[in-house]
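The structure appears below as structure tokens.
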Amino acid sequence: MGNYRLIAAASLLFASTASFAGECYSRLDGDTLKIGNSRIERVYLWNGGHLVTCRVTDKLSGRTWESVSKDPDFAVNRSKPSDGKIKVEDIKADGIRPAHQRTTVSYSLGALDVERSYRVYPGVPAIAVDTKLRGALDGVQASEADAADRRNIEDAAHMKVKPVTSALDRLSPKGQHWHGRAVEFRDITDWNNNLVDERDFISYRKTNYRGNVLMLRDGEHGGGFVFLKEAPCSGVQLAYGKADFISDFGNFTVTGLGLDRNDVTPDKWTRAYGSVLCTYDGGEKEALEALRAYQKQCRVLDPSRDEMVMMNTWGDRSQDAKVNEAFCLSELEKAAKLGITLFQIDDGWQSGKSPNSAVAKGSFKDIHRSGDYWTPDPKKYPRGLTPIVKRGRELGVEVGLWFNPSIQDDFADWEKDAATVVGLWKKYGIRMFKIDGLTIGSKRAEENLRKFFDRVLADTGNAVMFNLDATASRRGGYHMFNEYGNIFLENRYTDWGNYYPYWTLRNLWQLSKYVPAERLQVEFLNKWRNADKYEGDAFAPGVYDFAYLFATTMAGQPLAWMEASNLPEEAFAVKELVDAYRAVQHDFHKGLILPVGEEPSGRSFSGFQSLTDADEGYLLLYREDTPGACGVFETWLPEGCRVSLVPVLGNASATEVEVGRKGAIELTLSRPNDFAMYRYKIKP
């Protein structure tokens, strides 16, 4: 894995150690540990390995925040630390994560062993912490009592509250003027259509907040911090208390381990949820840049593997009734005519039957008992999948599959599941697997699922990627398992009248502020189907051009959620747009993609900006059904500059604009429900 030196000590008399992955460093000198790179440094008091933050520096601005707290950053009990050790490794790039440095600090707190691994990436203003526990975990408290249960404050004694027992990380910079934003997310998208909640606040007395992202701005001196909790959405986390973050004037805590005392045993290490601290200089844009700089390290965006325009036929609600060799071969021909790059066969290709089968109700339990559950159905595919994969390659369309791990006993059959996926990769060269039907109801289930993913990646040399369904049950959400692939965001169907293009665009638009849009797979449907379900509806799919429906997905990974055989001939004209999009897809996705304009509502001017460099990038803009053609888009461009716009896709023409307050630019899109993509450059 890399070079390292190990230090064990029972006192504060340490030698100095340093190891570098590029510009990253980790130095233990006496009782002081420094971890950082060219953008960030966090200095800790060693404290027997039970680290206490002394200060954090944003190296871009030179601003240093001294910590006023003497409490350790990680807290689960009050035992004194012992047997502290440190190991520093340079981790090589592996095709998933880029090269980085990992500093692992291990120690004991009474009967509990703790291992904290700090990850730092070159040029990224973030330090991530992964925590593992072993032994006995007792007395963990996730969060404070509800504020409604507290009494009036009449003297200083009344202000005292019981300290938090559980802390994944904490920071206590000085100051009374901290402005915060807690961002909570929702998946289970079959049931939720409002996926992001932002709560802005000024830090006051001890208060609980839910969410995966906490943005903090120093109102007195500028700049600040972003905490990212690498965990499922708040509503589905394991062993969840009442909060993910706690704010108390200038004291901030990440709480909620994602495990309880029954999950931690002496015989093995158990992984808690992760925490990341980012620093930034400036305002909201710079905070989001810092967060995204880290998020882009979680998985390298490989254009030959991660970029796609996928088609999955499940969106036309035939379920598994149609899928067979002849159907798939026919769909491949039409998929190629649409410009599709990856054709995914959903549930129904296999011999076993799932609970969602339209022909025979099956089960996700004890899948491997029959021995042939995951072999191609011999009646549907008498020659296996070989003819389909072969024809796909001839047409330039890769083939992917749906897969559901066996759910019984917390995914106890994960090794058999992994062997099945690896076998399909070896036999057919299939690299993309949609993972569905998950319920992560326990820490053991989470651990086994992670073992399944890791084994498949190890045995395929990271060639396989997973398409993680976020539509139901307890799953990984938007901030966990990011290293394994992309996210299948939502099921929407014209059959049920719940597909509206602006709804889909709105979900992508809201998420893109805090989640890399290029990791979200976003659907467009056959607008000609089920027109009667939308009769008289101003926002019916049939109102829009088919090309516009595709364009609403371009900031993410487009998903043709349909059977191509049900499309009229006019639909295939979209291939010209799809091919043109493919030429810029990766360059667009390499940038920091953020929402611009108004929130999509069906009557808005909206869009996305991809910041690919300091002075250039892309603007993808939409005019919904607005009464006027001229729209004002608030962007992330600097006020007062002039910007040249070169058309790339859609109804666009070259122009120059002057940027007003809040990055506002004024542009004309001549037709309602239309779009334009520009490549922009800030003029010197």
Side-chain angles (χ1 to χ4, degrees), residues 285 288-289 292 303 307 309 339 501-502 505 508-509 512-513 516-518 522 524 544-545 547-558 574 576-600 604-626 628-684:
K285 173 176 172 286
L288 295 172
E289 285 177 331
R292 191 62 47 83
E307 300 283 15
V309 177
Y502 87 83
L505 180 61
L508 179 58
W509 189 89
S512 68
K513 199 172 193 179
E518 65 272 17
V522 185
F524 68 107
Y544 302 85
D545 289 341
Y548 180 85
L549 300 190
F550 174 78
T552 61
T553 72
M554 292 195 303
Q557 298 292 337
V574 80
E576 181 179 355
L577 172 60
V578 176
D579 289 347
Y581 166 73
R582 286 284 295 155
V584 299
Q585 182 180 22
H586 186 59
D587 198 46
F588 182 85
H589 284 159
K590 282 194 304 184
L592 164 60
I593 299 173
L594 294 174
V596 301
E598 303 165 304
E599 178 183 297
S604 303
F605 286 94
S606 190
F608 302 92
Q609 181 177 348
S610 173
L611 295 85
T612 59
D613 209 338
D615 61 353
E616 58 186 71
Y618 293 88
L619 286 167
L620 173 56
L621 305 177
Y622 306 91
R623 174 192 169 186
E624 296 186 307
D625 190 10
T626 62
C630 185
V632 176
F633 299 84
E634 288 188 0
T635 72
W636 304 91
L637 293 166
E639 180 179 345
C641 68
R642 287 197 65 81
V643 178
S644 65
L645 300 176
V646 176
V648 178
L649 300 172
N651 185 16
S653 55
T655 187
E656 281 190 13
V657 294
E658 185 167 338
V659 181
R661 186 172 177 270
K662 295 185 177 180
I665 60 172
E666 190 173 296
L667 283 171
T668 297
L669 278 75
S670 59
R671 298 187 306 168
N673 296 326
D674 204 0
F675 76 98
M677 179 188 279
Y678 299 91
R679 184 177 282 109
Y680 74 80
K681 187 172 181 62
I682 298 173
K683 297 181 73 69

Start with the C-alpha gap between Glu639 and Arg661, add the side-chain angles, then the distance that decides, and say whether salt bridge (charged side-chain N to carboxylate O under 4.0 Å, His left out) holds.
-> CA-CA 6 Å; Glu639 180 179 345; Arg661 186 172 177 270; 5.9 Å; no

Can you sort out the partners of Ser604 under side-chain hydrogen bond (donor to acceptor under 3.5 Å, both in side chains), two or more places apart, ordered by chain and number?
-> Ser601

Close side-chain approach of Val643 to Ile665, heavy-atom, < 4.5 Å = no

If you measure from CD on Glu616 to CG on Leu611, what distance do you get to the nearest 0.5 Å?
-> 10.5 Å

Indicate yes or no: at least one non-hydrogen side-chain atom of Leu577 is less than 4.5 angstrom from one of Phe675.
-> yes

Any idea which heavy atoms bring Asp674 and Leu669 closest together, and the distance?
-> O-CD2, 3.8 Å

Identify, with sequence neighbours excluded, every residue that meets side-chain hydrogen bond (donor to acceptor under 3.5 Å, both in side chains) alongside Lys662.
-> none

With rounding to the nearest 0.5 Å, note down the distance linking CG in Leu549 to OH in Tyr544.
-> 8.5 Å

Look at Asp587 together with Lys590 and state whether they make a salt bridge at an N to O cut-off of under 4.0 Å.
-> yes

Got a sec, which residues hit side chain to side chain contact (heavy atoms under 4.5 Å, CB included) with Pro600, two or more places apart in sequence or on another chain?
-> Leu505, Arg506, Trp509, Ser606, Glu624

Which residues satisfy the salt bridge (Lys or Arg N to Asp or Glu O under 4.0 Å) test with Lys513, sequence neighbours excluded?
-> Glu198, Glu284

Of all residues at least two apart in sequence or in a different chain, which pass the salt bridge (Lys or Arg N to Asp or Glu O under 4.0 Å) check with Glu289?
-> Lys285

Mind listing the closest non-hydrogen atom pair of Val632 and Ala664 along with its distance?
-> CG1-CB, 3.9 Å

Among all residues two or more places apart in sequence or in another chain, which pass the salt bridge (Lys or Arg N to Asp or Glu O under 4.0 Å) test with Arg642?
-> Glu656, Glu658

Do any N or O atoms from the side chain of Thr635 and from the backbone of Val596 form a donor-acceptor pair under 3.5 angstrom?
-> no

Hits for ring pair (Phe, Tyr, Trp, His ring centres under 6.0 Å) against Phe588, two or more places apart or cross-chain, chain-then-number order -> Tyr618

For Asp545, which residues count as a side-chain hydrogen bond (donor to acceptor under 3.5 Å, both in side chains) partner, sequence neighbours excluded?
-> none

Donor-acceptor contact present, side-chain Tyr581 to main-chain Met554, <3.5 Å | yes

List the atom of Ala555, the atom of Leu508, and the distance in Å for their closest heavy-atom pair.
-> CB-CD2, 4.0 Å

Should Leu620 and Ser610 count as side-chain neighbours, where that means a heavy-atom distance under 4.5 Å?
-> no

Is the backbone of Trp636 close enough, under 3.5 Å, to the side chain of Gln609 for a donor and an acceptor to pair up by distance?
-> yes

Sequence-distant partners of Glu634, salt bridge (Lys or Arg N to Asp or Glu O under 4.0 Å), two or more places apart = none

Greater than 12 external heavy atoms within 6.0 Å of Glu599's CD = yes

Counting distance only, does the side-chain N/O of Arg292 pair as donor-acceptor with the main-chain N or O of Gly591 below 3.5 Å?
-> no

Note: Gly339 and Asp579 closest approach over all heavy atoms is CA-OD1, 4.1 Å

Could you list the residues that satisfy ring pair (Phe, Tyr, Trp, His ring centres under 6.0 Å) with Phe605, not counting sequence neighbours?
-> Phe633

Sequence neighbours left out, what passes side chain to side chain contact (heavy atoms under 4.5 Å, CB included) with Ala580? Give chain and number order.
-> Leu649

With no hydrogens and no angle check, do the side chains of Glu518 and Gln585 hold a donor and an acceptor under 3.5 Å apart?
-> no

Nearest 0.5 Å, what's the CG-CG distance between Asn651 and Leu621?
-> 11.5 Å

Does Asp615 have any side-chain hydrogen bond (donor to acceptor under 3.5 Å, both in side chains) partners at least two apart in sequence or in another chain, and if so, which?
-> none

Could you tell me whether a side-chain N or O of Arg623 sits under 3.5 Å from a main-chain N or O of Gly628, the two making a donor and an acceptor?
-> yes

Could you tell me the separation between the CZ atom of Phe608 and the CD1 atom of Ile593, rounded to the nearest 0.5 Å?
-> 8.0 Å

What pair of heavy atoms forms the shortest contact from Ala676 to Ala652, and how long is it?
-> CB-CB, 3.6 Å

Of all the heavy-atom pairs spanning Thr553 and Pro558, show the shortest one and how long it is.
-> OG1-CB, 3.1 Å

Donor-acceptor under 3.5 Å (Tyr622 side chain, Ala551 main chain) = yes

